[in-house]
Amino acid sequence: MSKLKTENLTRRFLGLVAVNNVSFSMEEGEILGIIGPNGAGKTTFINLISGIIMPSEGLIEYKGQDITYIPAHERARMGIARTYQLIHPLENLTLIENVMVGSIFAKGNGLKEARRRAEALCQELGLTGLDRDTSRLTILEIKKMEIARALANEPEVLFLDEVMAGLNADETKDIIAMVQKIAQERHLAVGVVEHVMGVIRELTHRVIVLEAGELIAEGKYEDVSKNPRVIEAYLGGGAA
Amino acid sequence: MNRNVSRIFAALFGILAIALPLFAGDYPLQVARNIMLYMALAITWDMLLRSGQISFGIAGLFGVGAYAAILGVIRAGMPAWFSIIFAAIFSGVVAFAIGFLILRLRAMYFSIVTLALGEIFRIIIHNLHDFTGGPEGVVMQQGVIFGGSAGKLYWLTLAGLAVAIAASYWFEKSKIHFALTAIRNNEISAKSSGVNIFRWLLLAFVVTSAIQGLLGGIFVQSYGFATPDTVFSADFTLLPLAMALLGGVYSTRGPIFGAILLGLVSEWLKLKIPYGHLVVYGIIIIIVILFMPQGLKQLVRQPANKTDRRSA
């Protein structure tokens with residue numbers, strides 16, 4: 001049984017079809033790349049799966065259970081976590097407190113237990129200076145904190161929406177290794193949205209390609225990148 | 001300020017507050033009672049503000065509590081002490097019912113609706129003449145609680161304030177703090193961390209409204225009468241709001257400082273320039289908001305060392 005799957009998932013905004021009839025599935029331990037040109041509907045797709053927006057049509061199944069219309073906070077509790085493309089640190093909380101939130105509300109831990117787990121998580125991701133204000137963190141630290149916040153939910157499925165954006169080559173390498181380690185140790189199914197193809201090639205086992213809301217290709221990165229439709233989607237759209 | 005020093009200050013201040021009726025006359029007690037009432041309202045306003053929701057409905061829930069208490073005594077023969085608790089429960093239940101409708105609203109829309117609600121309560125009480133006494137209000141025939149003893153009324157108000165402070169600390173030290181701060185910062189990311197936004201907003205709204213109702217009950221028991229224009233007075237919304245802004249929001253301390261300062265200054269100004277004091281009062285608020293947007297709390301706390309994210 002798949003960890004997560006969608007059938008004919010569709011979301012329309014007024015006239016625009018942002019996600020159109022997408023069916024896919026993710027397995028435990030799998031790192032899946034979600035790629036496509038700008039405006040292809042990648043973030044909308046993740047928003048649908050995490051429950052931030054509701055679909056117009058279609059079905060979402062998590063561990064065999066229909067979660068299509070379950071609210072976002074309940075999906076977080078069931079084990080679906082994500083990061084955001086636009087980072088949202090909780091500015092009036094410290095680094096450690098930011099990480100505690102998921103542990104408190106998604107896992108129902110008390111404050112002490114949540115702090116203990118958040119500290120362990122931060123240590124695992126190499127975050128120090130845990131009582132700092134979030135305004136004092138570097139961009140790399142913020143990205144790690146965002147990952148730690150998602151992991152605090154103790155998820156089974158994790159979506160990373162452009163976590164590498166804004167990082168330099170070394171920092172990117174650092175995060176790639178971290179994501180691989182996390183996914184393997186926790187048997188996560190990870191969905192990665194990324195624009196840098198090097199990252200996708202190195203990190204993912206399989207990719208799906210979205211264009212104008214439709215799933216146009218799926219398979220290993222090496223194969224998909226040779227697919228004429230994919231090349232056309234990237235080059236033909238003038239995105240390159 | 002050093003943590004221990006501020007604790008000692010707080011303890012001394014608490015002892016002074018409790019012991020005040022033993023040596024102070026009626027006038028200072030009356031002033032202190034007023035200040036404590038507004039202080040408690042300021043704290044409850046701030047408690048809800050921590051979720052990002054700006055309420056202009058303090059006077060509304062305060063007035064509902066006041067009428068619940070006095071009508072409880074007059075129409076239902078409740079004992080005085082119970083009418084105060086009934087006031088809290090009644091305002092809490094009212095808040096629970098309307099919270100279901102209005103807590104879907106955000107920002108300005110929520111503020112305007114809470115303002116309108118206060119007015120609606122006032123008009124309803126105005127017009128239910130036979131039950132509420134209409135615009136002339138109602139008077140408690142058997143007299144006020146404690147026979148109007150200034151010292152005991154002072155302690156009663158102090159107890160109301162203690163409830164507000166205790167609730168505020170509970171909000172600060174428990175998971176409610178995390179829920180409300182996460183909601184205020186970003187609702188979408190709060191949801192992704194499993195925060196049930198509506199549930200926490202409802203909790204904050206009901207708890208703060210119940211305390212406002214409790215204070216309304218204490219107020220009405222202290223004076224022995226209620227009219228729509230006194231208990232729904234805009235003062236009960238505007239003064240607490242100004243006090244919290246002056247002292248610094250998102251804390252228990254801020255509204256306390258703000259209320260002491262603004263309360264004392266306005267009392268002093270009332271004596272110095274009768275009728276002119278509100279002008280000076282207004283100017284103080286404007287100056288503080290313009291130049292100290294974080295309130296007086298800013299002077300006590302270290303200024304935040306904000307650095308550019310990329311520079312570290």
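Sequence lines set the chain letters: A, B, ... in the order given, protein chains first and strands last, and positions in each chain run from 1.
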- Could you have a look at Ile52(A), Asn92(A), Val101(A) and say which one has the most heavy-atom pairs with chain B under 4.5 angstrom? Asn92(A)
- Query: At their closest point, which heavy atom of Gly51(A) faces which heavy atom of Met54(A), and how far apart are they?
  - Reply: O-CE, 3.8 Å
- Note on the structure: When the 4.5 angstrom heavy-atom criterion is applied to Ala190(B) and chain A, the contacting part is neither
- Task: Please look at Met78(A) and chain B and tell me whether the side chain, the backbone, both or neither of the residue comes under 4.5 angstrom of a heavy atom of that chain.
- Result: neither
- Query: Of the backbone (N, CA, C, O) and the side chain (C-beta and beyond), which part of Leu90(A) lies under 4.5 Å from a heavy atom of chain B, both, or neither?
  - Reply: both
- Message: Using ring centroids (six-membered ring only for Trp), state whether Phe9(B) and Phe13(B) fall under 6.0 Å.
- Response: no
- Item | Ring center gap for Trp45(B) and Phe56(B) short of 6.0 angstrom | no
- Verify whether the ring centers belonging to Tyr38(B) and Phe236(B) lie closer than 6.0 Å. yes
